[in-house]
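The block underneath contains the structure these notes are about, expressed in structure tokens.
Both backbone and side-chain heavy atoms feed into the values below; hydrogens, waters and symmetry mates do not. What you are looking at is a predicted structure, and each value in this text was computed from that prediction instead of being measured.
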Amino acid sequence: MASKLLLIIVFVFDLIAFGLAVAAEQRRSTARIVQDGEANYNYCVYDSDIATGYGVGAFLFLMVSQVLIMVASRCFCCGKPLSPGGSRACAVILFIICWVFFFIAEVCLLAGSVENAYHTKYRTIFGADLPSCETVRKGVFAAGAAFVFFTAIVSEFYYVSYSSARESFQPYGGGETGVGMGTYK
């Protein structure tokens with residue numbers, strides 16, 4: 001049976017990552033164009049940069065939860081073989097889907113954090129075009145939050161399927177690895 005403690009810890013980490021990603025979407029930077037006191041040039045003024053911290057926090061919490069699941073399941077690389085059947089097939093499919101969702105979530109969170117931290121530093125002379133105050137697009141952190149949610153669901157199901165396939169494995173011959181050499185009567 002799957003470790004309930006591990007499932008609870010991973011669920012809590014995924015829940016924190018989801019909450020941080022939603023908070024990052026709500027608190028992403030906005031900018032406004034301001035004219036200097038002498039009316040010579042325009043420049044961008046950005047508000048709070050807290051969304052970058054939230055995005056990086058969500059990135060790290062999701063990474064920790066993924067590492068925990070993969071260490072517990074030995075990432076399909078090590079350990080005893082899985083029993084053939086539906087649980088193993090389901091575990092393999094969920095393993096692949098879990099990594100795809102994880103990669104998409106991490107890319108969205110990292111790209112959103114980097115873009116949110118980037119503030120344009122130039123200014124324009126009065127009368128020229130207004131400066132382009134670049135901010136992160138709406139929905140980048142929300143996409144990251146959605147894929148954090150998908151990763152959380154798939155990774156939990158993956159670990160349960162993996163545990164089910166691992167527990168039901170019975171080696172051929174009842175565990176005997178050699179040829180029986182008992183006396184013949």
Side-chain angles (χ1 to χ4, degrees), residues 2-35 42-76 89-124 129-163:
S3 170
K4 290 181 177 80
L5 179 63
L6 178 72
L7 290 173
I8 291 170
I9 290 171
V10 168
F11 176 75
V12 168
F13 281 175
D14 288 334
L15 188 64
I16 292 171
F18 179 77
L20 287 173
V22 169
E25 176 66 27
Q26 295 297 317
R27 297 290 309 257
R28 68 185 190 286
S29 291
T30 57
R32 57 187 168 84
I33 299 172
V34 176
Q35 195 174 32
N42 298 320
Y43 60 94
C44 300
V45 174
Y46 292 87
D47 64 350
S48 171
D49 197 27
I50 192 77
T52 301
Y54 288 158
V56 170
F59 176 87
L60 294 175
F61 271 104
L62 183 62
M63 186 178 293
V64 168
S65 76
Q66 185 78 358
V67 166
L68 284 174
I69 287 287
M70 292 304 142
V71 166
S73 67
R74 296 179 186 95
C75 199
F76 272 110
C90 188
V92 169
I93 292 169
L94 289 173
F95 175 80
I96 294 167
I97 293 171
C98 177
W99 275 105
V100 169
F101 285 168
F102 170 75
F103 181 73
I104 294 170
E106 293 288 284
V107 165
C108 287
L109 293 172
L110 190 61
S113 296
V114 168
E115 185 68 26
N116 192 66
Y118 176 72
H119 296 164
T120 55
K121 304 286 187 218
Y122 64 88
R123 54 189 178 202
T124 61
D129 292 335
L130 294 177
S132 171
C133 300
E134 296 183 16
T135 58
V136 66
R137 295 183 89 171
K138 188 174 185 175
V140 173
F141 287 118
F147 279 100
V148 165
F149 180 72
F150 296 149
T151 303
I153 291 171
V154 172
S155 66
E156 298 269 339
F157 284 135
Y158 157 70
Y159 182 67
V160 169
S161 295
Y162 175 84
S163 297

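Looking only at side-chain heavy atoms (C-beta outward), E25 and K138 come within less than 4.5 Å of each other. Looking only at side-chain heavy atoms (C-beta outward), L20 and V148 stay at 4.5 Å or farther from each other. Residues Q66 and F13 are not in side-chain contact: their nearest non-hydrogen atoms beyond the backbone lie 4.5 Å or more apart. Put simply, the side chain of T151 does not reach to within 4.5 Å of the side chain of D14, judged on heavy atoms. At a threshold of 4.5 Å between non-hydrogen side-chain atoms, the residues Y159 and S3 count as touching.
Considering all non-hydrogen atoms of both residues, A117 and T52 come closest at N-OG1, 3.5 Å. Taking both residues in full, the closest heavy atoms of L109 and G55 are given as CB-O, 4.1 Å, listed atom of the first, atom of the second, then distance. Here the closest non-hydrogen pair linking C90 and S161 is SG-OG, 3.6 Å. Listed here is the closest heavy atom pair of A91 and Y158: O-CD1, 3.4 Å. Between G144 and A105, the shortest heavy-atom contact is O-CB, 4.0 Å. Listed here is the closest heavy atom pair of I69 and S155: CD1-O, 4.1 Å.
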**OP:** Just do the side-chain contact (heavy atoms from CB on, under 4.5 Å) check on C98 and M70 with the steps written out, would you?
**Re:** CA-CA 10 Å; C98 177; M70 292 304 142; 4.3 Å; yes

Subject >> Audit row: S113, F141, side-chain contact (heavy atoms from CB on, under 4.5 Å) steps and yes/no >> reply: CA-CA 8 Å; S113 296; F141 287 118; 3.8 Å; yes

**OP:** Kindly indicate, with the supporting measurements, whether the criterion side-chain contact (heavy atoms from CB on, under 4.5 Å) is fulfilled by L7 and V160.
**Re:** CA-CA 9 Å; L7 290 173; V160 169; 4.0 Å; yes

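Note that the OH atom of Y162 and the CZ atom of R74 stand 5.5 Å from one another [nearest 0.5 Å]. R28 CZ to Y54 OH: the interatomic distance, rounded to the nearest 0.5 Å, is 14.5 Å.
Within a 6.0 Å sphere centred on CZ of F101, heavy atoms belonging to other residues, nucleotides or ligands number more than 12.
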